[in-house]
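In what follows, a single structure is set out as structure tokens and then discussed.
Residues take their numbers from the sequence shown, with the count starting at 1.
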Amino acid sequence: MLTRKQHELLMFIHERLKESGIPPSFDEMKEALDLASKSGIHRLITALEERGFIRRLPNRARALEVLRLPDSIAPGLNAARKFSPSVIQGSLGQGAPRQGKPTSSRVPAAGNDDDVVAAVSIPVMGRIAAGVPIDAIQHQTHSISVPPDMIMGGEHYALEVKGDSMIEAGIFDGDTVIIRNADTASPGEIVVALVDEEEATLKRFRRKGASIALEAANPAYETRIFGPDRVKVQGKLVGLIRRY
């Protein structure tokens with residue numbers, strides 16, 4: 001899925017192209033999204049381009065092409081890809097937007113060809129930063145199968161980790177974390193936190209008086225403090241998958 005601002009910008013560009021055939025200017029996009037500067041528009045356009053929603057046409061000013069729309073508007077346009085993990089690590093902590101119910105498939109149980117267990121398929125929703133926040137929680141890129149006891153209760157999704165700020169919690173660059181949808185957290189839980197409606201990061205949730213602290217598990221990174229209105233919990237960590 002897209003963040004709210006990314007979705008607003010994509011639809012604004014799409015509607016303008018439908019109306020006039022000409023993309024809006026950066027000033028028009030800035031005013032439409034009520035942003036303070038055009039640098040925010042540059043960042044949003046880059047995120048949309050990286051995730052395959054738009055394309056900048058070369059050698060032409062203001063040339064943007066909408067390649068696809070979110071599934072909620074144009075369902076069925078995203079193709080799912082299979083992902084086969086080599087190692088699955090169980091619950092690491094307690095634990096975004098709702099992505100629908102997971103699906104399940106039957107796979108052989110280890111050590112007994114006659115027994116089967118239900119593997120559950122959940123969507124991978126892009127990358128999450130374990131470091132300086134980056135755009136995340138974008139759109140479904142593919143699905144993965146996980147053991148049912150890893151995701152008991154609630155709706156779940158997965159994110160691919162980028163960065164090393166949570167290494168002392170056993171979360172490394174390249175891991176895939178399993179997240180349970182939640183909009184609240186208790187101090188000490190590892191959460192997906194959305195900052196200023198635009199950027200997401202994987203951090204340990206703390207409270208500092210009336211403020212919220214997002215704490216890294218790596219001494220090279222400082223704890224970041226935000227006002228309570230700037231941070232939204234999008235889910236809690238319940239497990240991870242690692243490939244060797």
Side-chain angles (χ1 to χ4, degrees), residues 1-3 6 43 46-53 78-97 99 102-103 105 107 110 119-151 155-182 185 188-195 198-205 214-224 233-244:
M1 62 163 289
L2 299 174
T3 64
Q6 290 167 358
R43 185 170 66 245
T46 298
L48 290 171
E49 186 176 31
E50 288 177 348
R51 289 153 182 84
F53 285 94
N78 291 339
R81 300 195 309 269
K82 288 291 184 181
F83 175 86
S84 300
S86 297
V87 176
I88 299 179
Q89 299 186 347
S91 179
L92 298 176
Q94 297 293 318
Q99 309 303 335
T103 58
S105 58
V107 297
V120 180
S121 178
I122 63 173
V124 179
M125 303 303 297
R127 294 193 307 174
I128 182 72
V132 178
I134 58 174
D135 287 346
I137 316 179
Q138 305 299 329
H139 61 280
Q140 182 174 348
T141 60
H142 57 285
S143 298
I144 58 173
S145 295
V146 299
D149 58 356
M150 184 183 287
I151 60 170
E155 296 178 349
H156 295 72
Y157 61 96
L159 293 166
E160 296 170 346
V161 174
K162 178 68 174 178
D164 62 355
S165 73
M166 299 302 291
I167 56 175
E168 292 190 358
I171 304 168
F172 298 94
D173 184 71
D175 286 348
T176 298
V177 289
I178 310 302
I179 305 296
R180 183 170 70 224
N181 285 337
E189 292 182 316
I190 297 175
V191 304
V192 173
L194 186 65
V195 179
E198 291 186 0
E199 298 174 314
T201 188
L202 187 71
K203 292 290 182 292
R204 198 174 296 279
F205 181 88
L214 299 180
E215 180 183 276
N218 182 337
Y221 293 83
E222 295 182 353
T223 297
R224 306 180 72 208
V233 174
Q234 301 285 281
K236 302 180 184 182
L237 177 72
V238 297
L240 71 78
I241 295 169
R242 178 170 299 149
R243 298 186 70 181
Y244 291 97

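Arg242 contributes no side-chain N or O that, together with a main-chain N or O of Asp175, makes up a donor-acceptor pair within less than 3.5 Å.
Counting heavy atoms from C-beta on, the side chains of Leu214 and Val195 come closer than 4.5 Å. Residues Ile171 and Ile190 meet the side-chain proximity criterion, which asks for heavy atoms closer than 4.5 Å. Residues Asp173 and Lys162 form a side-chain contact, since some pair of their non-hydrogen atoms from C-beta on lies under 4.5 Å apart. Using a 4.5 Å heavy-atom cutoff, the side chains of Val161 and Phe172 are not in contact.
Residues forming a side-chain contact (heavy atoms from CB on, under 4.5 Å) with Asn218 (at least two apart in sequence, or on another chain): Asp164, Ile167, Ala220, Tyr221. Listed by chain and number, the residues in a side-chain contact (heavy atoms from CB on, under 4.5 Å) with Ala185 are Glu189, Val191, Phe205, Val233, Lys236 (sequence neighbours excluded). Partners of Glu168 by salt bridge (charged side-chain N to carboxylate O under 4.0 Å, His left out), not counting sequence neighbours: none found.
Closest approach of Ser143 and Pro123 over heavy atoms only: OG-CA, 4.2 Å. Ile144 and Ile241 get closest at one heavy-atom pair: CD1-CD1, 3.4 Å. Closest non-hydrogen pair, Gly188 versus Arg204, comes out as O-NH1, 2.6 Å. Of all the heavy atoms in Gly170 and Leu240, the pair that sits closest is O-CD2, 3.5 Å.
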Stepwise side chain to side chain contact (heavy atoms under 4.5 Å, CB included) check, Ile128 with Val177: CA-CA 9 Å; Ile128 182 72; Val177 289; 4.2 Å; yes

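Summarising the geometry, atom CD belonging to Glu155 is positioned 11.5 Å from atom CD1 belonging to Ile122; distances are rounded to the nearest 0.5 Å. Atom CE in Met166 sits 8.0 Å away from atom CD in Glu215 (nearest 0.5 Å).
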